[in-house]
Amino acid sequence: MRSPVDCHRVEAAMARGTRDGAAVGELFAAAVTVLEEMASGRRALRAVRHPLGFLCLPVRREGDRGVCVHVFGDHVFGDAPPGPPARPAISPVHAHSWDLASCVLYGEVGNLRVRVRDESDRPTHRLFEVRSTAAGPGPAAGPCDAPAVDEIRPTPRLVSCAPGPEETGVAGGIYRLPAGEFHTTVVPPGTVAATLLLGRSLPGHRDLTLGPVHGPAHRVVRQTCDAAQTARTARTVLRRIDGHH
């Protein structure tokens, strides 16, 4: 089935921004259309439990661009989640190898930028590179892919970090983050949120995360939800989008 979401159209709507009500409406319409297909089972996409503690619905990949829906909160499957609340399996402070633009569909999402600088004398962290591989042959190095395994490897760089400015968005808000800039996503405890995200890979950038100074290499295996869980998640997101409009 051909995807109803076109990465270039989503990118253009993100660029027009929140001052253009029609652009925001296009983003919500794209999200609702694909979520309805997932909720009904017409689209065979599967939600993935991300190591950072949210659910990712990988919607579309076109070359160096990708679109996905991120679902935040302890009860991402609705009132009766099938497992324990999601918790980050890696440091929440990370930098992408791709430019990010994200539209908040509901809830409140904070984007806290983190200042990271080299520090060899009194480091607080070491930089780790994250290399992702797909379930089948070949790499999954682009935005909004659904890799099965994350290989997290220490680099020689020792650093210290400090919090920077925080930008908070609510439904209809759009925020952007360039590749290589460290940040962490902040959702108030006990609340839920979802975003429609566009990523565009940039050559020469790596996915990075902070880790312990003496931390070893390790591996994180992502869990893929089954069809019923994915459909239930899509229905929950649709209900909450409708409740905020």
Side-chain angles (χ1 to χ4, degrees), residues 47-58 61 64-66 68 70-72 84-102 109-167 175-187 195 197-224:
V48 178
R49 294 180 185 267
H50 194 281
L52 288 174
F54 57 84
L55 280 184
C56 176
L57 304 174
R61 178 74 185 276
D64 60 356
R65 293 168 173 83
C68 50
H70 287 177
V71 187
F72 302 89
R87 291 290 181 263
I90 59 176
S91 168
V93 178
H94 59 284
H96 299 292
S97 60
W98 35 274
D99 287 341
L100 175 156
S102 191
V109 180
N111 180 42
L112 175 64
R113 301 182 188 229
V114 178
R115 301 185 181 97
V116 174
R117 64 183 180 87
D118 291 313
E119 177 59 73
S120 58
D121 293 333
R122 289 187 169 183
T124 58
H125 298 84
R126 182 182 295 275
L127 287 188
F128 285 68
E129 182 179 2
V130 182
R131 297 186 181 181
S132 301
T133 55
C144 300
D145 281 323
V149 177
D150 295 303
E151 300 283 355
I152 302 170
R153 305 176 181 179
T155 74
R157 286 185 62 188
L158 298 174
V159 299
S160 63
C161 64
E166 181 174 354
E167 178 183 8
Y175 64 89
R176 298 172 180 82
L177 192 78
E181 184 157 341
F182 284 89
H183 77 122
T184 184
T185 301
V186 181
V187 175
T195 61
L197 181 144
L198 170 81
R200 181 182 180 186
S201 294
L202 293 182
H205 288 270
R206 299 181 295 170
D207 292 313
L208 299 170
T209 186
L210 297 186
V213 170
H214 302 293
H218 58 288
R219 171 183 292 189
V220 176
V221 178
R222 301 192 186 192
Q223 295 178 327
T224 302

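Here the structure is a predicted model, which is why all the values come from computation and not from measurement.
To the nearest 0.5 Å, atom OG1 of residue Thr195 and atom OH of residue Tyr175 are 5.0 Å apart. With rounding to the nearest 0.5 angstrom, the CZ atom of Arg157 is 12.0 Å from the CD atom of Glu119. The line from CG of Leu177 to CH2 of Trp98 is 9.0 Å long, rounded to the nearest 0.5 Å.
Inter-residue side-chain proximity for Asp64 and Arg200 is flagged as met; some heavy-atom pair is nearer than 4.5 Å. Looking only at side-chain heavy atoms (C-beta outward), Cys56 and Arg222 stay at 4.5 Å or farther from each other. Between Arg113 and Glu167, some side-chain heavy-atom pair lies under the 4.5 Å cut-off. Looking at Glu129 and Asp207, their side chains never come closer than 4.5 Å, going by heavy atoms from C-beta outward. Two residues are said to be in side-chain contact when any heavy atoms from C-beta on lie closer than 4.5 Å; Phe54 and Thr185 fail this criterion.
At distances below 3.5 Å, at least one donor-acceptor pair connects side-chain atoms of Arg115 with backbone N or O atoms of Pro163. Panel note: side chain Asp99, backbone Ala179; a donor-acceptor pair is recorded below 3.5 Å. At least one donor-acceptor pair under 3.5 Å links the side chain of Thr155 to the backbone N or O of Leu127. For His218 (side chain) and Pro216 (main-chain N/O), a donor-acceptor pair under 3.5 Å exists by modelled atom type. Using modelled atom types, one side-chain atom of Thr209 and one backbone atom of Val93 make a donor-acceptor pair closer than 3.5 Å.
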Q) Should Cys161 and Val159 be marked as a side-chain contact (heavy atoms from CB on, under 4.5 Å) after you check the CA-CA gap, both sets of side-chain angles, and the distance that decides it? A) CA-CA 7 Å; Cys161 64; Val159 299; 5.8 Å; no
**Q.** Gln223/Val48 under side-chain contact (heavy atoms from CB on, under 4.5 Å): CA gap, chis, key distance, verdict
**A.** CA-CA 6 Å; Gln223 295 178 327; Val48 178; over 6 Å; no
(Q) Walk me through whether His125 and Ser91 qualify under side-chain contact (heavy atoms from CB on, under 4.5 Å). (A) CA-CA 10 Å; His125 298 84; Ser91 168; 5.8 Å; no
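Contact record, Pro92 with Leu52: CA-CD2, 3.8 Å, taken as the closest heavy-atom pair. Nearest heavy atom pair, residue Leu158 against residue Pro123, reads CB-CB, 3.7 Å. Heavy-atom minimum distance, Ser160 versus Thr124: CA-OG1, 3.2 Å. Heavy-atom minimum distance, Arg176 versus Ala101: CG-CB, 4.1 Å. The minimum heavy-atom distance linking Gly199 with Leu197 is given by the pair N-CD2, 3.9 Å. Nearest approach of Ser132 to Asp150, heavy atoms of both residues: OG-OD1, 2.6 Å.
Applying the ring-ring contact (aromatic ring centres under 6.0 Å, His included) rule to His94 yields the partners His96, His183; only residues at least two apart in sequence or on another chain are considered.
Aromatic ring orientation, His70 versus Phe72: perpendicular (interplanar angle above 60°, classes split at 30° and 60°).
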